[in-house]
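Just so we're clear, the structure is a prediction, and the values are computed from it rather than from any experiment. In what follows, residues are counted from 1 in the order of the sequence shown.
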Amino acid sequence: MSSDSEFHHEARNAGSIAAGLVLVMALLALVLGWGFGLTFFKRIHDDFAAMVPSTAVSFALLGFGLLAWLRAGSAGARSLLAGAASLVAVVAIAELVALSAGVRQGIDAFLWPQLLERPDDSMAVATATSFLLAAACCLCLSLRRTPGWVFLGSSTLGLALCSVALVAYALDTEALYGVFLFTAMALHTAAAFAALFLAIMLASPRSGWIWHFFGDEQGSRGARRLLPFVVGGPFLLSVAFFAATEQGLFSPNFRLSVMSIAMMVIGLAAILRNATLENRAERRLRQANADLEVALADRSLLLREVYHRVKNNLQQINALLMIERNKLEDESAKAAFQAMAGRVQALGMVHKLLIQSPQPSEVDMQTFLEKLGSSFSTGHGLRARNIELAVEARPDTVHLDVAMAIGLLANELVANAIKHAFPEGHGGTISIRYGDGDGDGEGETKVLTISDDGVGYPAEGMVAGTGSRIVQGLVSQLKGTMTVTNGRGTTVSTQFPATLSENTRYV
C-alpha cells in the first residue's frame, strides 16, 4: 500500500465485500431455502446438515450491521452494529442453554417447528460458539476505542473453528459429524463464518495479524509468498492421501506417516525459500548502506569544502571592511564599518566551527560563544578600556541556521552594550549566558542573555536604529521573545523554542 489511509480504505472495501457475501448467503437460505423449500440452499446436499433459520437470521443481522458500519462508520451505524451483535449473542446463549437442557433442535423447535424437516436440524454447538465470538468482535468494533486482545482472540478462534469444519467437509464429512461440537454445522454455515470473520478482521486490520499480509514491507511480501505453500500444500496433500486411502492404495497408518514427511518437506521448502529471499534482501540492504555511507562521506567533504571557502571569503570581506574603516576620519562612519565587520566575523566564526564539527550542519554553542566572545574582546579592544567579557554557556548542539541567528544577535547586543553602557573612562563587565529556559508550558526553551553593569539606558532605546531593527528581525527569526531589564546596568534576555532545527523554517 502506498499509504496507511489507502491501506485502511482497501481493507474496508474488501471487508464490505465479505460482509455482503455473508448477508447474501443468509438471505438465500432464509428465502429460497426455508421460504420456498429449495433443499440446496438449506443443506447443499441431502446428506449434509442444514443451515437452520436461527443461524440464517443471525448471519443476516451480523452481515447487515457489519456492512453498514464498514460503509458508513457513523454513530448510527455503530449503534446498529452493537444492537445486532447483542441480539445475536442472546440467540447464541439461548441456543447453548436449550442444547444443554436436552432440546435436540434448540430454539428453532420453539420458534418455527413446522419448518424443520429432520430431528437433527439445529444450531451446532460450534455454530453458537462462533456466533458468540463474532458478537464479541462486533461489540469491540462498535466502541470508539481501538479493539484489543478480546477482538484479536475471538476473531482468530472463530476463524479456526470454521476452518476445521471446512477442511473436514473436504476430507470426511462423517468424521466431522462424529464430533459433538460440529454435529449439526452445515457446509455453507462454515463458509459464511469464514467470510464473516474475514470481514471482521478487515474492519479493523491494524488490531489483528491479517494486516501483515497487505503491507509493502519485506515481511509482508514474504508472508504472501509463503501462504500458498503453508496453507494450500498440507490441505491438498491431505485430500490426495485421503482419496488414496479410500481407494485402498495404502493403510491409514501409512497415510499418516507419508503425510507427516510430506508436510515436513513443504515446511522445509518454505523455510529455505524464505531464507533465500531474506538473504538476497539483506545483501541488497548492505550494498545500499555501503553506497549511502560513501554518498554521506562525499556530501560531508563537499560541505566542509564549501564552508571553508565561505569562511575564507568572509575573512577577506572583513579585512576589506577594516581597511576601509581605517581610511575614514568620521567616527560615526567608523562605527558603522566596525559593526558590519563584527557581523561578518560572527558568520565567519560559524563556518569555521562547521569545518571542525563532526556533523557538518551542526554547531556546538558553548565553543561558538566562547570563541565569539574572545573575538569581541580583541576586535573592540575591551582590555584597554578595562571592560571584561565573560561567557557562560552550556554544551548544546544546534543547526547552523540557529547558530548564525544567535551569533548575529549576540554580536548586536554586545556591540550595543559596549557603545552605550560604558562611556569613556568607565569600565565594567559584559556577560553572555546561554542555557535552558524556564519554559512556557508548550515545551522546552533556550535563553540567550546579554547583561552589563554599566550606566544603563532606556528600554525604548532598543527600538531605534539599524542595529535595533536587526535585533528585532533576529528575535523573530528565532521565533522568540525579548525582554529588556534596566537596573544596575542592562539585561537583555531572548527566549526561544529549543526545537528549532533545519526542519523549522523562519518566517
For a quick test of reading the model, state the closest non-hydrogen atom pair linking [X] to [Y] and the distance between them.
| X | Y | result |
| --- | --- | --- |
| A85 | C138 | CB-CB, 3.7 Å |
| L161 | S130 | CD1-OG, 3.7 Å |
| L28 | F41 | O-CB, 3.7 Å |
| Y434 | M365 | CE2-CB, 3.8 Å |
| P395 | D364 | CA-OD1, 4.1 Å |
| M51 | W34 | O-NE1, 2.7 Å |

Does [X] reach the main-chain N or O of [Y] with its side chain, forming a donor-acceptor pair under 3.5 Å?
| X | Y | result |
| --- | --- | --- |
| S154 | F151 | no |
| S163 | L159 | yes |
| R43 | A186 | no |
| E362 | V398 | no |
| T183 | V179 | yes |

Would you say the side chain of [Y] lies within less than 4.5 Å of the side chain of [X], judging by non-hydrogen atoms?
| X | Y | result |
| --- | --- | --- |
| F496 | K446 | yes |
| L62 | L196 | yes |
| R286 | R283 | yes |
| T449 | V492 | no |
| D436 | T445 | no |
| T481 | V475 | no |
| P53 | L111 | no |
| I200 | C137 | yes |

Exercise for the section: May I ask you to check whether F131 and F59 place their ring centres under 6.0 Å from each other? Expected result: yes

Problem - Verdict with supporting geometry, D108 and E95, side chain to side chain contact (heavy atoms under 4.5 Å, CB included) - result: CA-CA 9 Å; D108 291 277; E95 185 69 41; 4.0 Å; yes

To the nearest 0.5 angstrom, please state how far the [atom1] atom of [X] sits from the [atom2] atom of [Y].
| X | Y | atom1 | atom2 | value |
| --- | --- | --- | --- | --- |
| M123 | S58 | CE | OG | 4.5 Å |
| R433 | R394 | CZ | CZ | 14.0 Å |
| H45 | L187 | NE2 | CG | 11.0 Å |
| M482 | L448 | CE | CG | 11.0 Å |
| I406 | T494 | CD1 | OG1 | 9.5 Å |
| L139 | L81 | CG | CG | 7.5 Å |

Practice task
Apply side chain to side chain contact (heavy atoms under 4.5 Å, CB included) to L141 and S204, showing your working.
Solution key: CA-CA 8 Å; L141 289 173; S204 183; 3.6 Å; yes

With no hydrogens and no angle check, do the side chains of [X] and [Y] hold a donor and an acceptor under 3.5 Å apart?
| X | Y | value |
| --- | --- | --- |
| N289 | E293 | no |
| N13 | S16 | no |
| T189 | T55 | no |

Handout entry: Identified side-chain contact (heavy atoms from CB on, under 4.5 Å) counterpart of L96 within the set V125, I107, V91
Key = V125

Fill in the blank from the handout: Tested for side-chain contact (heavy atoms from CB on, under 4.5 Å) against L61, the lone hit among L80, L87, L66 is L87

Exercise for the section: Output yes when D121 and K42 qualify as a salt bridge under the 4.0 Å nitrogen-oxygen rule, no when they do not. Expected result: no

Problem - Criterion side chain to side chain contact (heavy atoms under 4.5 Å, CB included) on L30 and V57, from CA distance to verdict - result: CA-CA 8 Å; L30 277 175; V57 169; 4.0 Å; yes

Handout entry: More than 12 heavy atoms from other groups under 6.0 Å of CZ on F64
Key = no

Exercise for the section: Start with the C-alpha distance between F193 and T127, add both sets of side-chain angles, then the distance that settles side chain to side chain contact (heavy atoms under 4.5 Å, CB included), and finish with yes or no. Expected result: CA-CA 9 Å; F193 271 126; T127 302; 3.7 Å; yes

